[in-house]
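Report on the following structure.
Residue indices begin at 1 and follow the sequence shown.
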Amino acid sequence: MGEDYFKNRSHCEFAIISDEVTPEIISKDFNITPTRFFNKGDLVTSKHSPIVGQKPHNLWAIRSPDIISEKENIVSHINFLRITLEGKM
């Protein structure tokens with residue numbers, strides 16, 4: 001077993017989901033590149049079967065960096081998101 005086996009890995013994500021507002025608009029308005037995004041109607045294949053579906057909405061999200069530590073604590077994640085988004089909304 002590795003030294004990090006009994007440690008916690010954590011991150012936080014802030015997401016905006018919308019039927020009308022696209023990830024491109026949010027990225028432009030916030031001047032932030034999202035960690036992940038997709039557009040309503042994008043095709044997606046299930047991870048567990050060959051079924052193809054469509055995304056039902058737009059999604060724009062940013063994620064804090066992973067932290068590995070002995071104690072669970074999201075304060076640094078919240079601060080990262082706060083600093084990243086401050087003055088953008």
Side-chain angles (χ1 to χ4, degrees):
M1 284 188 206
E3 156 181 331
D4 291 337
Y5 186 78
F6 294 104
K7 293 187 179 178
N8 300 293
R9 177 185 304 261
S10 64
H11 68 267
C12 286
E13 183 176 77
F14 173 82
I16 298 174
I17 297 170
S18 174
D19 285 330
E20 291 101 31
V21 182
T22 65
E24 293 78 17
I25 291 171
I26 298 167
S27 293
K28 184 180 174 192
D29 287 351
F30 287 0
N31 195 27
I32 298 172
T33 301
T35 308
R36 69 183 184 107
F37 69 93
F38 55 77
N39 290 291
K40 183 176 181 176
D42 283 354
L43 297 179
V44 61
T45 303
S46 171
K47 293 178 184 177
H48 308 288
S49 71
I51 296 173
V52 177
Q54 287 188 325
K55 294 291 188 177
H57 51 259
N58 298 306
L59 179 132
W60 180 97
I62 58 171
R63 174 180 161 163
S64 64
D66 283 352
I67 294 176
I68 298 173
S69 66
E70 292 180 6
K71 297 180 182 178
E72 289 189 49
N73 188 342
I74 65 165
V75 172
S76 60
H77 297 296
I78 300 300
N79 284 334
F80 171 85
L81 294 172
R82 182 184 53 81
I83 290 166
T84 302
L85 294 168
E86 200 165 47
K88 306 283 184 177
M89 302 170 106

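- Considering every non-hydrogen atom in both Asp19 and His57, the closest pair reads OD1-CB, 3.8 Å.
- Every side chain to side chain contact (heavy atoms under 4.5 Å, CB included) that Thr45 has, sequence neighbours left out, goes to Val52.
- A salt bridge does not link Asp42 to Lys55: none of the charged nitrogens lies less than 4.0 Å from a carboxylate oxygen.
- Here the side chains of Trp60 and Ile25 are not in contact, with every heavy-atom distance at 4.5 Å or above.
- Heavy-atom minimum distance, Ala61 versus Ala15: CB-CB, 3.9 Å.
- Note: Ile83 CD1 to Ile78 CD1 = 11.5 Å, rounded to the nearest 0.5 Å.
- Distance check, rounded to the nearest 0.5 Å: CZ of Phe38 to CD1 of Ile17 gives 6.5 Å.
- Counting all heavy atoms, side chain and backbone alike, Ser10 lies closest to His77 at OG-NE2, 2.9 Å.
- Linking Ile, Leu, Val, Met, Phe, Trp and Tyr whenever their side-chain heavy atoms come within less than 4.5 Å leaves Phe37 and Phe14 in two separate clusters.
- For the atom pair Ile26 CD1 and Asn31 CG, the distance stands at 14.0 Å (nearest 0.5 Å).
- Nearest heavy-atom pair across Glu24 and Asn39 is OE1-OD1, 3.3 Å.
- Counting all heavy atoms, side chain and backbone alike, Ile62 lies closest to Thr35 at CA-OG1, 3.3 Å.
- Between the NZ atom of Lys88 and the CG atom of Asp29 there is a distance of 10.5 Å, given to the nearest 0.5 Å.
- Atoms CZ and CD1, from Arg9 and Ile68 in turn, are 4.0 Å apart once rounded to the nearest 0.5 Å.
- Between the CG atom in Leu85 and the CD1 atom in Ile16 there is a gap of 7.5 Å [rounded to 0.5 Å].
- Asn58 places a side-chain N or O within donor-acceptor distance of the main-chain N or O of Val21, the cut-off being under 3.5 Å.
- Placement of Ile32 and Leu59 in two distinct hydrophobic clusters is found when ILVMFWY residues are connected by side-chain heavy-atom separations under 4.5 Å, directly or transitively.
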